[in-house]
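Reading through the structure tokens given below for one structure.
Counting starts at 1 for both ligands and their atoms, following the listed order.
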Amino acid sequence: MKWALIGASDIAATRLIPAMRELGHEVYGVMSSNADRAKSYAAKNGIPNFTVSLDEAVNWPVDAVYISTTNELHARQAIAAARAKKHVLCEKPLALDIATAKNMVEISVECGIVFATNHHLRCAGTHRKIREIVSTGEIGTVYSARINHAVSLPDRLRGWRLDSAEKGAGVVLDIVVHDVDTIRAALGADIVEATSLVSSQSLGKNGIEDSSMCLFRMSNGALVSTHESFLVPHGVTSFEINGSAGSIIATNIMGQDPVGEIRVRTDTSDHIIEPDDRENLYVYSLRKFEAATKGNGSPAADGEDGIASLSSAVAILESARQKKTIDVVALTNGAK
Ligand code: NDP
């Protein structure tokens, strides 16, 4: 596959470009809003073409575009790419509001392209194994789950994420979207209600939240609690699912690398389960995406998944603002 990168970003340089090359894909060119950055990013990452023109980038002779600009730009860029008949892999959150995300996905359907959301966690062998354990019924009826996704925001990323509401800053749009996607994928259920407390305790500026604690009710009745933070350098991430016949207790599986441990406890056993593979999460995501562009299956997370994760994140922000529980289904359906 040939790719155009929209956005001279950290995530493209550190994760997606290496993953594309591992699969033998070609990174044809990069678009930045700044000519000097476009040129230096292209040189540093061995990319032959660069531009500041969105129109030029989406009309390059490529199969797909990967969008990893700041969040407020994703929609316009994704729509331009779809209209140029390029498949789109878009970073999360798809947009800053639900109506815009729905519009992006609708246009991608009209244009007949594959649209995917880059929710990497569900691509991990650990998370796929958890989905398998839940879906085989080994732990019975799932009543509850907990995600601890409190980490320390790396120094190099302490920019717009902490101070720019216009660009979609804050831990909710950054991490809650991933946690929502993770729980939806693991349980095969949707989020129907959301409530939260958020705070701006240290790194967040201009009232931008750097920590959140969220509660969700799922369409299968399960209750879920999640904790997201940019302020926890020494914690251990975890994902716990409790069912009538057993519990899954997974640690260190909420990051970007294929690491961590899954423990399953039932009446008759208490053991560590090894996932079937520990493939690079982004390589898995790209392989599924490439197959989907060739008519084989769906991307790991599609546009509807991106709308769903954004809807719940918006509900969490609304809940914190209004100090009440939000009906996520009504919020999503009402967004036009
Ligand atoms: P970056 O801050 O690295 O890049 C975002 C934009 O900031 C770039 O498009 C670039 O604009 C601009 N920029 C980058 N470096 C500089 C600089 N030195 N000076 C001025 N501007 C600069 O963001 P991330 O890579 O962390 O995130 C990008 C997107 O990817 C976000 O939507 C984020 O949510 C998502 N993301 C997803 C992850 C995942 O695992 N799925 C993980 C991390 C991020 P321009 O392109 O115009 O040059």
Quick check: closest heavy atoms across Asp257 and Leu281, and the distance to 0.1 Å?
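Looking at all heavy atoms of both residues, the shortest contact is C-CD1, 3.8 Å.
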Under the 6.0 Å and 45° cation-pi test, does Arg122 pair with Tyr284?
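Ring-cation test returns no.
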Tell me which pairs pass ring-ring contact (aromatic ring centres under 6.0 Å, His included) where either residue lies in residues 228-281, with sequence neighbours left out.
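Sorted result for residues 228-281: His127-Phe239.
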Could you walk me through whether Asp63 and Lys86 pass the salt bridge (Lys or Arg N to Asp or Glu O under 4.0 Å) test, one step at a time?
CA-CA 6 Å; Asp63 305 294; Lys86 300 297 168 15; over 6 Å; no
Between His149 and His227, ring centroids under 6.0 Å:
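Distance test on ring centres: not under 6.0 Å, no.
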List of N/O pairs, ligand 1 versus protein, all under 3.5 Å?
| from | atom 1 | to | atom 2 | distance (Å) |
| --- | --- | --- | --- | --- |
| ligand 1 | 2 (O) | Trp160 | NE1 | 2.8 |
| ligand 1 | 3 (O) | Asp10 | N | 2.7 |
| ligand 1 | 11 (O) | Arg37 | NH2 | 3.4 |
| ligand 1 | 21 (N) | Arg37 | NH1 | 3.3 |
| ligand 1 | 25 (O) | Asp10 | N | 3.2 |
| ligand 1 | 25 (O) | Ile11 | N | 2.8 |
| ligand 1 | 26 (O) | Arg161 | NH1 | 2.9 |
| ligand 1 | 26 (O) | Arg161 | NH2 | 2.9 |
| ligand 1 | 32 (O) | Thr69 | O | 3.3 |
| ligand 1 | 32 (O) | Asn71 | OD1 | 2.5 |
| ligand 1 | 32 (O) | His74 | NE2 | 3.2 |
| ligand 1 | 32 (O) | Lys92 | O | 3.3 |
| ligand 1 | 34 (O) | Lys92 | O | 2.9 |
| ligand 1 | 34 (O) | Lys92 | NZ | 2.9 |
| ligand 1 | 40 (O) | His120 | ND1 | 3.1 |
| ligand 1 | 40 (O) | Tyr282 | OH | 2.6 |
| ligand 1 | 41 (N) | Glu91 | OE1 | 3.0 |
| ligand 1 | 41 (N) | Asn118 | O | 3.0 |
| ligand 1 | 46 (O) | Ala8 | N | 2.8 |
| ligand 1 | 47 (O) | Ser33 | N | 2.7 |
| ligand 1 | 47 (O) | Ser33 | OG | 2.6 |
| ligand 1 | 47 (O) | Arg37 | NH2 | 3.4 |
| ligand 1 | 48 (O) | Ser32 | OG | 2.5 |
| ligand 1 | 48 (O) | Arg37 | NE | 2.7 |
| ligand 1 | 48 (O) | Arg37 | NH2 | 2.9 |

Once you measure the plane-to-plane angle for Tyr282 and His120, does it fall in the parallel (<30°), tilted (30-60°) or perpendicular (>60°) bin?
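Aromatic pair Tyr282/His120 classed parallel.
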